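Remarks on the structure that follows.
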Amino acid sequence: MRARFAPSPTGYLHVGSARTALFNWLAVRNNGGELVLRSDDTDQARGSDEYYDDVIEGLRWLGIDWDEGIETGGPHGSYRQSDRLERYQQVAVELRAGRRAYLCFCTSEELDERRRQAQAEGRPPGYDGRCRTLDPDESVSRQQAGEAAALRLAIPRPGETVFEDIVRGEVRFGHDNVEDFVLLRSTGSPTYHLASTVDDVDYEITHVVRGEDLLSSTPKHILITRAMGAEPPAYAHLSLLLGPDGKKLSKRHGDTALHAYRDGGILPEAFVNYVALLGWNFGDDETVFTRREMVERFALDDVQKNPAIFDNEKLTWMNGLYIRELDPGAFESHTRPLVEADLGRALTDEERETYREVAPLVQERVKVLTDAPDQVRFLFAEEVDYDAGSWDKVMTKPESPRAIDAALVRLERVGEWSSGPIEKELRAMLEDLELNARKGLQPVRVAITGSSISPPLFESLAALGRERSLDRLRGARSRL
RNA sequence: GGCCCCGUCGUCUAGCGGCCUAGGACGCUGCCCUCUCAAGGCAGUAACGCCAGUUCAAAUCUGGUCGGGGCUACCA
């Protein structure tokens, strides 16, 4: 098996494309085949280097590796279509010489006009084949004389293209609905259909796994392949990823660039696990599984036909699971840069030690890595930022001043400043005041963290340190 | 409009003629645990689009219908 992932660098790596790449990768790794990465940047669609790099970076982040192609090399040059223009032109010349394709002198304006007319009269809007009957030799002379001409494939008529799609089963298209489409523009540059198909043939691709949006172009690709005298590969068309409104996932649904998920604190393993579930399932009612398990069980035949709505909430839930499974050191090193970025400065050695201690408590509480700074900001910022809602809800309670006063007294006499002794004193305080833990501790929490939501209180106090804790309690008391 | 694809809880899905009183997961609700928030545990909520037909028996097969989506460029 030889599959390929062939993004066109006209935008950032899209989550839908990432899923296509993943399914290609899973299929190949499952059966010991090879994955080729190429760039479908036909002359016209040449994208920016930024997009090109984004694709490669995204694949690497996901842990999707390839055996041949871009950056990895192989027997076919750069694996960028923009470097293979002569090859497409060569194929085009052969197709024309073999009468499988013909020159077309219709201008864009003429085509538009005729298309509009056809639609108005209820006829199919495709190219009407006007230039197909021109004398080929005469056409060549006209072109050589300088007349602009595109090259079109002569679709066999009547005819029908039938193929067995791995996920959809038999699909058939009557040629009445396949127009004599353009292979080579009048500028000499190849269209996507030509370039992509030539590459699939040249690179000996056996399985084309791609999005369903290309399903109706498949007869075109099969026809080109046959016209080249080659055997078409097997096709597997993956259903599309939809936004919450059931429409094709696009920018208006929010983030569609894969890197937005990385930047949003999603772990690649979680992303891969979640996305694998869109159109495929592990069996055994399992939804969480390792990459290895995934590779072992994956089969294109098991891929579902219906489109799937991309559910950020489930992805986030799953990400929380993966975060909690991270070893503490990994969590710490993943999130420390985020904390530092939030603070706008690097942590001191002492602070790093503090963070190392509290990070495991944070790890249990976040669903995305980027939530970490919120949980620990109170430890490293000079001033507490009192959350107005928390303050109003907690500090206005009648018992709050008493609780803070008492806490101050008890905490001042804590010997060793660590969570155990701190807890002991505060529990004693609760007993003195005859307050339950909820009522007695919340004011303390708000006083030192600024919020009614925080990591566990005793550990937070311990991490904050004696002096700063006491200062904050005094500061809060004076605001009451 | 034409062509093509798709149709099980709100969402992702299991199901491949009787194991279905339709299973799992997310979400949501409630309870337990609990210093807050999470996490965890338990329980609950909720679906075969519709109509015919085939069959002793249909979510599963067939036809139609409705609904959704994709494509319809000298874009990819």
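Quick caveat: nothing in here was measured; it's all calculated off a predicted structure. Only heavy atoms go into these numbers, but all of them, side chains included; no hydrogens, no water, no symmetry mates.
Contact annotation for A:E459: base contact, defined as any heavy-atom pair under 4.0 Å involving a base atom. Residue contacts for A:H193: at a heavy-atom cut-off of 4.0 Å it reaches a base atom on one of the strands shown. Among the atoms of the strands shown, none is found under 4.0 Å from any heavy atom of A:P244. Among the protein residues, A:L430 comes within range of no part of the nucleic acid, since none of its heavy atoms lies under 4.0 Å from any strand. A:L111 comes within contact range of at least one nucleobase, with a heavy-atom separation under 4.0 Å. No engagement by A:S390 is indicated, since no non-hydrogen atom pair under 4.0 Å with the nucleic acid exists. Counting any heavy atom pair closer than 4.0 Å across all strands shown, A:E364 reaches a base atom.
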Give each protein N/O atom lying under 3.5 Å from an N/O atom of nucleotides 58-60 of chain B, with the pair distance.
none

Table of protein N/O atoms under 3.5 Å from nucleotides 44-49 of chain B N/O atoms:
none

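For A:D387 and A:S451, the side-chain atoms include no donor-acceptor pair closer than 3.5 Å. Between the side chains of A:N319 and A:Y261, no donor-acceptor pair of N or O atoms lies under 3.5 Å. When only modelled atom types and interatomic distance are considered, A:T187 and A:S189 share a side-chain donor-acceptor pair under 3.5 Å.
When the nucleotides B:A25, B:C3, B:C35 are ranked by their closest atom to the side chain of A:N177, B:C3 comes out on top. Listed nucleotides B:C37, B:C74, B:U72 differ in distance to A:R365; the shortest reach to its side chain belongs to B:C37. The side chain of A:L441 lies closest to B:C35, out of B:A76, B:C71, B:C35. Of the candidates B:A39, B:C35, B:G70, the closest approach to any side-chain atom of A:K248 belongs to B:G70. Distance from the side chain of A:S216 is smallest to B:G70 among B:G70, B:C37, B:A76. Here the side chain of A:V171 is nearest to one of B:C5, B:G70, B:G40, namely B:C5. In the set B:C74, B:A39, B:C35, B:C74 carries the atom at the smallest distance from any side-chain atom of A:S108. Distance from the side chain of A:W317 is smallest for B:C26 among the nucleotides B:C26, B:A39, B:C35. In this structure, the nucleotide among B:C35, B:C4, B:G27 sitting nearest to the side chain of A:F173 is B:C4.
Under the Watson-Crick or G-U wobble criterion, with both distances below 3.5 Å, B:C20 has no partner in any strand shown. Pairing for B:U11 goes to B:A25, judged as Watson-Crick or G-U wobble with the two contacts each under 3.5 Å.
The gap from the C1' atom of B:A14 to that of B:U8 amounts to 10 Å, rounded to the nearest Å. As rounded to the nearest Å, B:U54 and B:A46 have P atoms that lie 34 Å from one another. Rounded to whole Å, the separation between the P atoms of B:A47 and B:U21 comes to 15 Å. For the P atoms, the distance from B:U62 to B:G68 is 24 Å, rounded to whole Å. On the C1' atoms, B:A59 is 33 Å away from B:G41, given to the nearest whole Å. When the C1' atom is compared between B:C48 and B:G23, the two are found 13 Å apart, to the nearest whole Å. For the C1' atom pair drawn from B:G44 and B:C26, the interatomic distance equals 16 Å after rounding to whole Å. To the nearest whole angstrom, the two P atoms, one in B:G15 and one in B:G53, are 29 Å apart.
Side-chain N/O atoms of A:R445 and base N/O atoms of B:C35 include a donor-acceptor pair closer than 3.5 Å.
An OP1 or OP2 oxygen of B:U36 is reached within less than 4.0 angstrom by a side-chain nitrogen or oxygen of A:R438. For the OP1/OP2 pair of B:A76 and a distance below 4.0 Å, the side-chain nitrogens and oxygens of A:T42 include at least one atom meeting the criterion.
Comment: A:D199 does not engage A:R4 in a salt bridge, judged by the lack of any side-chain N to carboxylate O separation of less than 4.0 angstrom. Ion pairing between A:D432 and A:R402 fails under the 4.0 Å rule for side-chain N and carboxylate O. Under 4.0 Å is where a charged nitrogen must lie from a carboxylate oxygen, and between A:R377 and A:D385 no such pair does.
Using a 30° and 60° split on the angle between ring planes, A:F181 and A:H193 fall in the perpendicular class, above 60°.
For A:R19 and A:F23, the positive end sits near the middle of the six-membered ring, less than 6.0 Å away and at most 45° from its axis. Geometrically, A:R152 engages A:Y127 in a cation-pi contact defined by less than 6.0 Å to the ring centre and at most 45° from the axis. By the 6.0 Å and 45° rule, A:R80 stacks over the aromatic ring of A:Y52.
Distance alone, capped at 3.5 Å, is enough to place a donor-acceptor pair between the A:T225 side chain and the A:H221 backbone. At least one donor-acceptor pair under 3.5 Å links the side chain of A:D165 to the backbone N or O of A:H237. Side-chain N or O atoms of A:R157 include one that pairs as donor or acceptor with a backbone N or O of A:H175 at under 3.5 Å.
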Point to revise | Candidate pair A:R297 and A:D284, rule salt bridge (Lys or Arg N to Asp or Glu O under 4.0 Å), full reasoning | key: CA-CA 11 Å; A:R297 291 217 194 176; A:D284 294 346; 3.0 Å; yes
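Mapping A:D213 and A:S454 onto RNA chain B by nearest heavy atom places A:S454 at the nucleotide closer to the 5' end. Nearest-nucleotide positions on RNA chain B place A:E170 closer to the 5' end than the other of A:G246 and A:E170.
Nucleotide B:C4 holds its C1' atom 12 Å from the NZ atom of A:K220, rounded to whole Å. Protein atom OH of A:Y51 is 14 Å distant from nucleotide atom C1' of B:A76, rounded to whole Å.
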Revision key, fill the gap. Protein-proximity profile, nucleotides 7-13 of chain B, B/S/- by nucleotide at the 4.0 Å heavy-atom cutoff, equals SS--SBS
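A 6.0 Å sphere centred on CD of A:E164 holds more than 12 heavy atoms belonging to other residues, nucleotides or ligands.
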